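Inspection log for the structure reproduced underneath, given as structure tokens.
Keep in mind the model is a prediction, meaning the values are calculated, not measured. We use all heavy atoms of the structure for the numbers below, so side chains are in, but hydrogens, waters and symmetry mates are not.
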Amino acid sequence: QVQLVESGGGLVQAGGSLRLSCAASGRTFSWYSIGWFRQAPGKEREFVAAVGWSGGSTYYADSMKGRFTISRDNAKNTVYLQMNSLKPEDTAVYYCAVKPYYSSTYNYQRDYAYWGQGTQVTVSS
């Protein structure tokens with residue numbers, strides 16, 4: 001099984017930056033990719049970014065490109081989400097998740113089998 005723990009969330013002013021971490025445990029052969037999703041109150045959960053565990057390929061939602069960067073440290077079993085130029089609309093609970101099997105896309109939450117508890121990000125105006 002896989003366990004995920006997010007950290008690094010908090011309160012930041014608009015235009016500021018945060019770096020989220022996702023510490024994972026489990027057998028890496030079951031990890032095809034790690035993704036970040038977010039959910040604001042009253043809104044559906046949406047895809048943010050994903051990284052291939054072995055190859056390191058990255059994928060981003062269009063609204064995140066140029067501001068967010070996903071990376072991974074395989075030795076530490078950790079995935080990071082660097083968030084710059086934060087906006088109030090980025091306020092949400094951010095979750096990391098593991099996609100255990102191959103598919104041609106990375107943005108569908110139904111493909112991710114394991115989820116962390118989330119970390120709150122609040123951006124003030």
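- The minimum heavy-atom distance linking M64 with F47 is given by the pair CE-O, 4.1 Å.
- Among pairs with a residue in residues 41-88, none fulfils disulfide (SG to SG under 2.5 Å), at least two apart in sequence or across chains.
- Sorted by first and then second residue, the ring-ring contact (aromatic ring centres under 6.0 Å, His included) pairs with a member in residues 76-102 read Y32-Y102; sequence neighbours excluded.
- At least one side-chain heavy atom of L81 sits under 4.5 Å from a side-chain heavy atom of V48.
- Taking the side chain to side chain contact (heavy atoms under 4.5 Å, CB included) definition, one finds that Q3 meets it with S25, sequence neighbours left out.
- Looking at residues two or more places apart in sequence or on another chain, you find a side chain to side chain donor-acceptor pair (under 3.5 Å) between S103 and K99.
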Please tabulate, for side-chain N and O atoms in residues 10-23, each donor-acceptor pair with protein atoms closer than 3.5 Å (sequence neighbours left out).
| residue | atom | partner | partner atom | Å |
| --- | --- | --- | --- | --- |
| S17 | OG | N84 | OD1 | 2.9 |

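- For residues 50-86, there are no disulfide (SG to SG under 2.5 Å) pairs, not counting sequence neighbours.
- Contacts classified as salt bridge (Lys or Arg N to Asp or Glu O under 4.0 Å) and involving residues 111-125 (residues at least two apart or in different chains) are not found.
- Not one N or O on the side chain of Q39 forms a donor-acceptor pair closer than 3.5 Å with the backbone of E44.
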Throw together a table of side-chain donor-acceptor distances under 3.5 angstrom for residues 51-62, partners on residues two or more places apart or in other chains.
| residue | atom | partner | partner atom | Å |
| --- | --- | --- | --- | --- |
| Y60 | OH | I70 | N | 2.9 |
| D62 | OD1 | K65 | NZ | 3.3 |

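- Contact of the R45 side chain with the W115 side chain is registered, since non-hydrogen atoms from C-beta on lie closer than 4.5 Å.
- The CG atom of L86 lies 10.0 Å from the OG atom of S124; values are rounded to the nearest 0.5 Å.
- In terms of the side chain to side chain donor-acceptor pair (under 3.5 Å) criterion, residue partners of D90 (sequence neighbours excluded) are, by chain and number, R38, R67.
- Residues satisfying the ring pair (Phe, Tyr, Trp, His ring centres under 6.0 Å) test with Y112, not counting sequence neighbours, are F37.
- A donor-acceptor pair under 3.5 Å is formed between the side chain of T91 and the backbone N or O of V123.
- Looking at heavy atoms from C-beta onward, N77 lies out of side-chain contact with R72 at the 4.5 angstrom threshold.
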